[in-house]
Amino acid sequence: MWADGLGGHLPAGSAPLTREFFDRPGPEVAPDLLGRVISHGPVSVRLTEVEAYGMPGEDPASHTYRGRTPRNAVMFGPPGHLYVYFTYGMHFCANLVCLPEGVGSGVLLRAGEVVAGAEVALARRTAGAGRTVTARDLARGPARLAVALGFTREHDGLDVCPPGPVGVLEGDPPKPGAIMSGPRTGVSSGQETPWRFWIAADPTVSPYRPHVPRRR
DNA sequence: ATGGAGATGCTCT
DNA sequence: GAGCATCTCCATA
């Protein structure tokens with residue numbers, strides 16, 4: 001079965017999410033993603049923190065705010081695909097595309113708990129540097145999560161609905177009362193919308209850092 | 001614990 | 001040229 005071979009550490013009976021799941025606005029999909037498990041080859045991550053990005057022209061913090069460009073084209077494609085972008089000259093971040101073709105909305109994967117393939121994730125996170133990384137920090141932060149799952153620009157546009165190398169499984173969603181929300185991290189506009197969602201008291205949620213303009 | 005600054009390159013104006 | 005959906009190291013306390 002498709003969900004087998006993912007490491008055997010996943011909840012029994014956890015099935016892949018269908019494309020319909022993602023065919024909704026990002027702010028609606030985002031809280032529903034908490035507790036789900038995204039899996040790429042040997043590594044699986046239980047999502048504990050996500051951030052939604054809304055409609056073109058309506059959400060100034062979204063990459064799609066000013067319309068379609070070569071970089072954000074995947075966001076305007078069909079739902080249930082990965083949008084991976086390169087930022088700060090050194091990091092990748094991964095989103096799940098929401099809403100149908102022609103509308104650019106999505107959810108940034110901000111943090112999670114590695115529930116399978118921790119050795120592979122650790123090797124990726126420590127490659128080429130004499131650095132030590134704790135289990136909690138393996139996928140704590142959007143760029144770290146992308147490294148742990150092995151996402152780079154090659155994965156931009158990849159379908160996450162079966163069959164395929166990447167899947168999002170049902171997992172074990174938190175109780176509604178455990179879902180928190182607040183302003184998004186690191187964005188210079190759109191701070192009115194509380195579209196960052198996380199699981200209360202989960203140690204793998206990233207520390208909140210408000211946006212600070214760079215000095216020259 | 002908290003804060004500052006550097007690294008580094010792509011995208012869009 | 002400006003600004004970035006960030007991370008890590010180092011300083012101070």
Side-chain angles (χ1 to χ4, degrees), chain A residues 22 25-27 29-31 33-34 38 45 47-76 81-99 104-112 114 121-157 180-198 203-216:
Chain A
F22 299 101
V29 172
L33 278 170
L34 295 174
I38 182 167
V45 171
L47 297 172
T48 59
E49 180 187 356
V50 296
E51 235 170 48
Y53 289 87
M55 308 284 282
E58 295 180 10
D59 180 8
S62 175
H63 285 182
T64 64
Y65 182 56
R66 294 165 203 279
R68 185 177 187 137
T69 68
R71 176 175 70 154
N72 66 23
V74 167
M75 283 274 271
F76 286 87
H81 289 245
L82 276 180
Y83 166 51
V84 181
Y85 69 92
F86 184 62
T87 192
Y88 290 106
M90 63 196 86
H91 298 304
F92 290 99
C93 295
N95 295 248
L96 292 169
V97 175
C98 297
L99 289 175
S105 180
V107 177
L108 171 69
L109 308 179
R110 284 201 57 88
V114 174
L122 180 65
R124 288 171 173 162
R125 289 272 290 113
T126 54
R131 181 195 316 151
T132 190
V133 175
T134 63
R136 159 201 254 213
D137 285 346
L138 277 177
R140 189 177 184 226
R144 293 162 164 186
L145 179 146
V147 170
L149 281 167
F151 291 148
T152 68
R153 63 172 89 263
E154 306 162 17
H155 305 276
D156 186 35
M180 305 283 115
S181 69
R184 292 170 292 186
T185 304
V187 299
S188 56
S189 55
Q191 282 154 350
E192 325 77 50
T193 44
W195 285 351
R196 171 180 175 248
F197 300 90
W198 68 94
T204 64
V205 171
S206 71
Y208 177 71
R209 283 190 252 276
H211 174 80
V212 286
R214 306 284 310 303
R215 228 197 87 226
R216 2 184 329 205

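Throughout, protein chains are lettered first and strands after them, A, B, ... in sequence-line order, and every chain is numbered starting at 1. Worth knowing before you read on, the calculation uses all heavy atoms, side chains too, and leaves out hydrogens, waters and symmetry mates.
- With sequence neighbours left out, Glu49(A) forms a salt bridge (charged side-chain N to carboxylate O under 4.0 Å, His left out) with Arg110(A), Arg196(A).
- With sequence neighbours excluded, the residues forming a side chain to side chain contact (heavy atoms under 4.5 Å, CB included) with Pro25(A) are Pro27(A), Glu28(A), Leu99(A), listed by chain and number.
- Nearest-nucleotide assignment on DNA chain C puts the 5′-proximal partner with Ser189(A), out of Ser189(A) and Ser206(A).
- Every residue was checked against the side chain to side chain donor-acceptor pair (under 3.5 Å) condition with Ser105(A), not counting sequence neighbours, and none meets it.
- Residues meeting the ring-ring contact (aromatic ring centres under 6.0 Å, His included) test with Tyr65(A), sequence neighbours left out: none.
- Arg110(A) places its CZ atom 12 Å from the C1' atom of dC7(C), with the value rounded to the nearest Å.
- Note on Ala61(A): a base of the nucleic acid sits closer than 4.0 angstrom, heavy atoms only.
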Table please: side-chain donor-acceptor pairs of residues 134-147 of chain A below 3.5 Å, with sequence neighbours left out.
residue: Thr134(A); atom: OG1; partner: Asp137(A); partner atom: N; Å: 3.3
residue: Arg136(A); atom: NE; partner: Pro203(A); partner atom: O; Å: 3.2
residue: Asp137(A); atom: OD1; partner: Arg140(A); partner atom: NH1; Å: 3.3
residue: Arg140(A); atom: NE; partner: Pro203(A); partner atom: O; Å: 3.3
residue: Arg140(A); atom: NE; partner: Val205(A); partner atom: O; Å: 3.0
residue: Arg144(A); atom: NH1; partner: Arg140(A); partner atom: O; Å: 2.8

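- Under 4.0 angstrom from either OP1 or OP2 of dC4(C) there lies at least one side-chain N or O belonging to Ser188(A).
- Atoms CG (Asn95(A)) and C1' (dC4(C)) sit 14 Å apart, rounded to a whole Å.
- Tyr85(A) is listed as a side-chain neighbour of Asn95(A), based on a closest heavy-atom distance under 4.5 Å.
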Please tabulate the protein-to-nucleotide N/O contacts below 3.5 Å involving nucleotides 9-13 of chain C, giving atom names and distances.
none

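- Classified by interplanar angle (parallel below 30°, tilted 30° to 60°, perpendicular above 60°), the ring pair Tyr83(A)/His63(A) is perpendicular.
- As rounded to whole Å, 12 Å separates atom C1' of dT8(B) from atom OH of Tyr88(A).
- Under the rule for a side chain to side chain donor-acceptor pair (under 3.5 Å), the partners of Asp59(A) that lie at least two apart in sequence or sit in another chain are Arg184(A).
- For the pair Tyr53(A) and dA5(C), the ring geometry qualifies as stacking, because the centroid separation is below 5.5 Å while the planes lie within an angle under 30°.
- Between Leu108(A) atom CG and dA5(C) atom C1' there is a gap of 5 Å when expressed in whole angstrom units.
- Thr87(A) is linked by a side chain to side chain donor-acceptor pair (under 3.5 Å) to nothing, counting only residues two or more places apart in sequence or in another chain.
- Per the geometry, NE2 belonging to His63(A) stands 4 Å off P belonging to dA5(C), to the nearest Å.
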A correct dot-bracket answer for DNA chain B, with pairs being Watson-Crick or G-U at under 3.5 Å, [ ] for crossing pairs and | for inter-strand pairs, is |||||||.||||.

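- The list of salt bridge (charged side-chain N to carboxylate O under 4.0 Å, His left out) pairs with a residue in residues 87-99 of chain A, not counting sequence neighbours, is empty.
- Closest contact between the side chain of Thr185(A) and the listed nucleotides dT6(C), dA5(C), dC7(C) involves dT6(C).
- The nearest whole Å value for the distance from the CZ atom in Phe92(A) to the C1' atom in dC4(C) is 15 Å.
- Two residues are said to be in side-chain contact when any heavy atoms from C-beta on lie closer than 4.5 Å; Thr193(A) and Tyr53(A) fail this criterion.
- With rounding to whole Å, Arg140(A) atom CZ is found 11 Å from dT8(C) atom P.
- For dA5(C), the OP1/OP2 oxygens have no side-chain nitrogen or oxygen of Arg196(A) closer than 4.0 Å.
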Pairs: protein N or O with nucleotides 10-13 of chain B N or O, under 3.5 Å:
residue: dC12(B); atom: OP1; partner: Thr69(A); partner atom: OG1; Å: 2.1

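- dA5(C) atom P lies 13 Å from atom CE of Met90(A), rounded to whole Å.
- Side-chain N/O atoms of Arg125(A) include one lying less than 4.0 angstrom from OP1 or OP2 on dT8(C).
- Taking His155(A) as the reference, nothing meets the side chain to side chain donor-acceptor pair (under 3.5 Å) condition, with sequence neighbours excluded.
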